[in-house]
Amino acid sequence: MSIYDVKTMGETIKGNPYVGRGIVTGKTADGTKAAIAYFIMGRSANSRNRIFKENGTEVTIYPFDESKVEDPSLIIYSPIKTFGKATIVTNGDQTQTIYDFLKEGKTFEEALNTRCFEPDAPNFTPRISGIVCNGDHGFRYKLSILKSGDAEGSVCNRYTYVYEPIAGLGHFIHTYVTDGNPIPTFQGEPERVSIPDNIDEFFNDIWENLDEDNKISLYVRYIDLSTGEIENRMVNKNS
């Protein structure tokens, strides 16, 4: 098996009960669009009590049943937000941190240097983030993970991956390897996955292969690199 092998998202996640929250960024096979996907999964009642809502180009997570909310700080956040020609996607409130830093003329990396993994011992859930930008220097994207360096959560290690886009190729980063107690944190580089031209094909391949019991919501966005036109797909298991 080569390090350059590419699987579909369905092949990558099928049969895995719990990859947690996941981000995919990449470029469609015909080279005309940027692709972004974000999904959430959950094992506890608090984690499963969530839905995605769109507000223009922003996506926010809300509780499905407000009466059942235990810890709103880890539920209510905007995973997707735009600033100029940049689209930010994360698994937590660091979306706003990145947005605020970009407004100040600072960078994705500078923003994430101020953040750490989630304080949910013993899992210490990683913060995963991505940014897609189609600016003056062309289309580029980055992925980041902030995770604990030990079982005690005493240090935070920060990794950033910067990609020169390749048509048909995306990179997939997720919070966990699989289910467990504590849940094992994602390891290694983001996984290489194929990005088809058809948004529905990509969307369905992800949703149909996420674990049926633990999947909650999925959002996919394609951005035309010439016109900036946006095409979205969204599904909530709670509806």
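The shown structure was predicted, so the numbers you read here are calculated from the model rather than taken from an experiment.
- Side chain of Asn157 to main chain of Ser148: no donor-acceptor pair is present (N/O by atom type, distance under 3.5 Å, no hydrogens or angles).
- For Val6 against Arg192, the heavy-atom pair with the smallest separation is CG2-NH2, 3.8 Å.
- We find that Arg233 and Asp200 are joined by a salt bridge, their nearest charged nitrogen and carboxylate oxygen being less than 4.0 Å apart.
- With a 4.5 Å cut-off on side-chain heavy atoms, Pro165 and Tyr141 count as touching.
- Cluster annotation: Val220 and Ile80 are assigned to distinct hydrophobic clusters (Ile/Leu/Val/Met/Phe/Trp/Tyr, side-chain heavy-atom contacts under 4.5 Å, transitive).
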Distance-only donor-acceptor hits, side chain of residues 31-43, under 3.5 Å, sequence neighbours excluded:
| residue | atom | partner | partner atom | Å |
| --- | --- | --- | --- | --- |
| Thr32 | OG1 | Asp30 | OD1 | 2.8 |
| Thr32 | OG1 | Asp30 | OD2 | 3.3 |
| Tyr38 | OH | Tyr77 | OH | 2.7 |
| Arg43 | NH1 | Asp179 | OD1 | 2.5 |
| Arg43 | NH1 | Gly180 | O | 3.1 |

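- With no hydrogens or angles considered, a side-chain donor-acceptor pair links Asp100 and Gln96 at under 3.5 Å.
- Arg127 and Asp93 are joined by a salt bridge, as a carboxylate oxygen and a charged side-chain nitrogen come within less than 4.0 angstrom of each other.
- Formation of a donor-acceptor pair under 3.5 Å by the Thr82 side chain with backbone atoms of Thr57 is not found in this model.
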Show your reasoning for whether side chain to side chain contact (heavy atoms under 4.5 Å, CB included) applies to Thr185 and Thr175. CA-CA 6 Å; Thr185 292; Thr175 51; over 6 Å; no
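- Considering CZ of Phe186 and CD1 of Ile145, their distance stands at 6.0 Å, rounded to 0.5 Å.
- With a 4.5 Å cut-off on side-chain heavy atoms, Gln94 and Leu146 do not count as touching.
- Under a 4.5 Å side-chain heavy-atom cut-off, the cluster of Ile, Leu, Val, Met, Phe, Trp and Tyr residues that includes Val162 has no other member.
- Under the 3.5 Å distance criterion, the side-chain polar atoms of Glu201 are left unmatched by any main-chain donor or acceptor of Ile195.
- Annotation: the span from Asn238 atom CG to Ile216 atom CD1 amounts to 7.5 Å, rounded to 0.5 Å.
- Clustering ILVMFWY residues whenever any of their side-chain heavy atoms sit less than 4.5 angstrom apart, transitively, puts Ile23 in the very cluster that holds Val132.
- The structure places CZ of Phe203 at 11.5 Å from OH of Tyr222, a figure rounded to the nearest 0.5 Å.
- A salt bridge is absent between Glu66 and Arg50; no separation between the charged side-chain nitrogens and carboxylate oxygens falls under 4.0 Å.
- Side chain of Asn16 to backbone of Val177: a donor-acceptor contact under 3.5 angstrom is found.
- Taking both residues in full, the closest heavy atoms of Pro17 and Thr178 are given as CD-OG1, 3.5 Å, listed atom of the first, atom of the second, then distance.
- Considering all non-hydrogen atoms of both residues, Ser144 and Ile173 come closest at O-CD1, 4.0 Å.
- What you find for Met9 and Phe202 is that their closest heavy atoms are CG-CE1, 3.7 Å.
- Side-chain atoms of Thr95 and Val89, non-hydrogen and from C-beta on, never get closer than 4.5 Å to each other.
- No chain of hydrophobic side-chain contacts below 4.5 Å, direct or via other Ile, Leu, Val, Met, Phe, Trp or Tyr residues, connects Tyr219 to Ile199.
- The OG atom of Ser217 sits 13.5 Å away from the OH atom of Tyr62 when rounded to the nearest 0.5 Å.
- Using a 4.0 Å cut-off between charged nitrogen and carboxylate oxygen, Arg140 and Glu164 count as a salt-bridge pair.
- Atom CG of Asp224 and atom CD of Glu231 lie 10.0 Å apart (nearest 0.5 Å).
- With respect to Glu212 and Lys215, a salt bridge is recorded, a charged nitrogen being found less than 4.0 Å from a carboxylate O.
- Side chain of Asp211 to backbone of Asp213: a donor-acceptor contact under 3.5 angstrom is found.
- Here the shortest heavy-atom pairing between Phe139 and Gly26 reads CZ-O, 3.5 Å.
- Residues Glu110 and Thr107 bring a donor and an acceptor atom of their side chains to less than 3.5 Å of each other.
- Checked against the 6.0 Å centroid threshold, Tyr161 and His171 do not count as a close aromatic pair.
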What's the verdict on side chain to side chain contact (heavy atoms under 4.5 Å, CB included) for Phe124 and Glu152, showing C-alpha distance, side-chain angles and the deciding distance? CA-CA 9 Å; Phe124 300 116; Glu152 291 72 42; 5.7 Å; no
Please test Ile230 against Arg221 for side chain to side chain contact (heavy atoms under 4.5 Å, CB included), starting from the C-alpha separation and ending with a verdict. CA-CA 7 Å; Ile230 290 173; Arg221 175 175 295 177; 3.7 Å; yes
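- Note on Tyr99: it clusters hydrophobically with Leu112, by side-chain heavy-atom contacts below 4.5 Å among ILVMFWY residues.
- Geometrically, Lys142 does not engage Phe108 in a cation-pi contact defined by less than 6.0 Å to the ring centre and at most 45° from the axis.
- For the pair Lys7 and Glu191, the salt-bridge criterion is not met [side-chain N within less than 4.0 Å of a carboxylate O].
- Once rounded to the nearest 0.5 Å, the distance linking CG of Leu143 with CD of Glu189 reads 11.0 Å.
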Check against side chain to side chain contact (heavy atoms under 4.5 Å, CB included), Ile88 and Ser129: CA-CA 8 Å; Ile88 307 158; Ser129 308; over 6 Å; no
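- Under 3.5 Å, the side chains of Thr60 and Ser78 contain a donor-acceptor pair of N or O atoms.
- The backbone N or O of Phe52 sits less than 3.5 Å from a side-chain atom of Asn236, completing a donor-acceptor pair.
- A donor-acceptor pair is defined here as one N or O able to donate and one able to accept, closer than 3.5 Å; no such pair exists between the side chain of Asn49 and the backbone of Pro63.
- Within the 3.5 Å criterion, the main-chain N or O of Gly92 finds a donor-acceptor partner in the side chain of Thr90.
- No more than 12 heavy-atom neighbours from other residues, nucleotides or ligands sit within 6.0 angstrom of CD on Glu229.
- Ring geometry, Tyr176 versus Tyr18: the interplanar angle falls under 30°, so the pair is classed parallel (tilted spans 30 to 60°).
- The hydrophobic cluster containing Ile131 does not contain Leu225, counting ILVMFWY residues as joined when their side-chain heavy atoms lie under 4.5 angstrom apart, directly or transitively.
- Judged by distance alone, the side chains of Thr97 and Arg115 do bring a donor and an acceptor atom under 3.5 Å apart.
- Judged by distance alone, the side chain of Asn214 and the main-chain N or O of Val19 form no donor-acceptor pair under 3.5 Å.
- For Asn55, the CG atom counts as loosely surrounded, since its 6.0 Å shell holds 12 or fewer non-hydrogen atoms of other residues, nucleotides or ligands.
- The salt bridge (charged side-chain N to carboxylate O under 4.0 Å, His left out) analysis of residues 76-89, with sequence neighbours excluded, yields the pairs Glu58-Lys81.
- When all heavy atoms of Phe117 and Thr125 are compared, the pair lying nearest together is CB-O, 3.5 Å.
- Panel note: side chain Asn209, backbone Asp205; a donor-acceptor pair is recorded below 3.5 Å.
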